Amino acid sequence: MTNGEAPVVAWDQWRAARPDLDLAAMSLFGGLKHAHAMLELLLEPAFETSLISSSEFDLLFHLRHAPEPVIARRLAQTMGKSAAALSKALTKLERRGLVERVANPADKRSFLVTISDEGAAAVDDVMPQRLAFEAEVVEGLTDRQRADVARALRVIGGALETAARRHG
């Protein structure tokens with residue numbers, strides 16, 4: 001692997017084995033998955049001494065500066081998680097005192113979620129390291145390249161959201 005490219009061997013093998021398949025879209029998503037996997041791997045040191053994992057950080061990040069409690073179902077939608085996966089994660093965080101869940105008085109079928117002081121402190125503890133690392137990773141990009149990548153990610157994110165709405 002060079003220049004951030006995904007391994008070519010797998011693509012060549014698939015093309016040889018199944019020339020009838022169009023792998024064009026998969027090459028985009030493969031690149032995204034590879035970039036995400038590399039980011040998670042490289043961010044591991046920021047979480048070694050933290051009370052939270054990277055995935056827990058992502059959830060708590062959404063709650064950190066919310067002006068009011070967040071409906072769990074909406075949080076799941078915002079994060080692109082199933083309600084069951086979010087519920088499981090919230091249960092773990094709640095047991096550790098990092099979030100609080102209460103029944104929604106407006107809809108007893110849903111819960112309102114808030115971050116606790118301990119959860120906020122955990123996010124605040126990791127945030128500077130994470131931001132410094134992410135800045136280091138993209139420091140070699142020009143402003144134009146950063147804008148192009150951000151625009152491309154917004155486009156693919158919008159396409160994924162549209163597909164998610166279509167598929168229920």
Side-chain angles (χ1 to χ4, degrees), residues 1 4 6-7 26 28-141 146 149-168:
M1 277 185 293
M26 186 181 234
L28 294 176
F29 293 108
L32 282 172
K33 289 178 90 169
H34 176 71
H36 182 261
M38 290 303 301
L39 177 63
E40 289 297 314
L41 179 67
L42 294 170
L43 281 174
E44 279 182 7
F47 293 96
E48 284 177 353
T49 59
S50 177
L51 295 173
I52 57 176
S53 68
S54 179
S55 62
E56 291 170 334
F57 173 88
D58 291 341
L59 196 159
L60 294 170
F61 176 87
H62 282 84
L63 296 171
R64 177 62 181 100
H65 294 289
E68 57 191 29
V70 178
I71 296 172
R73 182 176 53 253
R74 286 204 188 117
L75 182 59
Q77 291 168 342
T78 298
M79 294 186 67
K81 294 189 174 290
S82 71
L86 183 76
S87 181
K88 184 176 180 180
L90 288 173
T91 297
K92 288 180 182 179
L93 292 169
E94 189 174 32
R95 283 186 193 139
R96 293 174 22 224
L98 301 175
V99 298
E100 298 163 359
R101 281 190 290 188
V102 296
N104 184 349
D107 179 0
K108 297 294 183 191
R109 298 169 296 159
S110 67
F111 289 93
L112 298 174
V113 183
T114 55
I115 192 169
S116 69
D117 290 343
E118 294 83 5
V123 170
D124 291 351
D125 199 37
V126 172
M127 191 65 161
Q129 288 177 275
R130 184 176 176 128
L131 290 173
F133 175 76
E134 290 172 351
E136 178 186 330
V137 168
V138 299
E139 72 186 354
L141 300 179
R146 289 178 193 206
V149 170
R151 188 173 26 263
L153 290 171
R154 282 192 303 274
V155 169
I156 197 71
L160 288 165
E161 287 174 9
T162 299
R165 283 192 298 274
R166 269 196 318 263
H167 293 280

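This one's a predicted model, so the numbers in the text were calculated from it and none came from an experiment.
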Q) Taking all non-hydrogen atoms of both residues, which atom of L86 and which atom of A76 are closest, and how far apart? A) CD2-N, 3.6 Å

Q: Tell me, yes or no, whether the heavy-atom count around R64 atom CZ, taken from other residues, nucleotides or ligands under 6.0 Å, exceeds 12.
A: yes

Q.
If we ignore hydrogens and angles and just use 3.5 Å, is the side chain of T162 paired with the main-chain N or O of G158 as donor and acceptor?
A. yes

Q. Excluding sequence neighbours, so at least two apart, what forms side-chain contact (heavy atoms from CB on, under 4.5 Å) with A163?
A. R166, H167

Acceptor/donor pairs from residues 105-115 side chains to any protein atom, 3.5 angstrom cut, sequence neighbours excluded:
| unit_1 | atom_1 | unit_2 | atom_2 | d |
| --- | --- | --- | --- | --- |
| D107 | OD1 | R109 | N | 3.1 |
| D107 | OD1 | R109 | NE | 3.1 |
| D107 | OD2 | R109 | NH2 | 3.4 |
| S110 | OG | N104 | ND2 | 3.1 |
| S110 | OG | D107 | O | 3.1 |

Q. So do the side chains of M79 and S55 get within less than 4.5 Å of each other, counting heavy atoms only?
A. no

Q: With rounding to the nearest 0.5 Å, note down the distance linking NE2 in H62 to CG in L75.
A: 7.0 Å

Q: With sequence neighbours excluded, tell me which residues meet side-chain contact (heavy atoms from CB on, under 4.5 Å) with V138.
A: L141, R146

**Q.** Min side-chain heavy-atom separation L59-I52 under 4.5 Å
**A.** no

Q: Indicate the atoms forming the closest heavy-atom contact of S50 with V126, along with that distance.
A: OG-CG2, 3.3 Å

Quiz: residues 39-49 side-chain donor-acceptor pairs under 3.5 angstrom, not counting sequence neighbours:
| unit_1 | atom_1 | unit_2 | atom_2 | d |
| --- | --- | --- | --- | --- |
| E40 | OE1 | S54 | OG | 2.6 |
| E40 | OE2 | S54 | OG | 3.2 |

Q: Report the distance from atom CZ of R95 to atom NZ of K92, rounding to the nearest 0.5 Å.
A: 8.5 Å

Q: Mind listing the closest non-hydrogen atom pair of E118 and G97 along with its distance?
A: OE1-O, 3.5 Å

Output a table of donor-acceptor pairs, distance under 3.5 Å, between side-chain atoms of residues 65-73 and any protein atom two or more places apart or on a different chain; print 'none' if there are none.
none

Q. What distance do L63 atom CG and L93 atom CG have between them, rounded to the nearest 0.5 Å?
A. 8.5 Å

Q: Look up atom CD in E161 and atom CZ in R154, then write down how far apart they are to the nearest 0.5 Å.
A: 12.5 Å

Q) Nearest 0.5 Å, what's the CG-CG distance between D117 and L98? A) 11.0 Å

Q | Under the ring pair (Phe, Tyr, Trp, His ring centres under 6.0 Å) test, residues paired with F61 that sit two or more places apart | A | F57

Q: Indicate the atoms forming the closest heavy-atom contact of E136 with E139, along with that distance.
A: O-CG, 3.2 Å

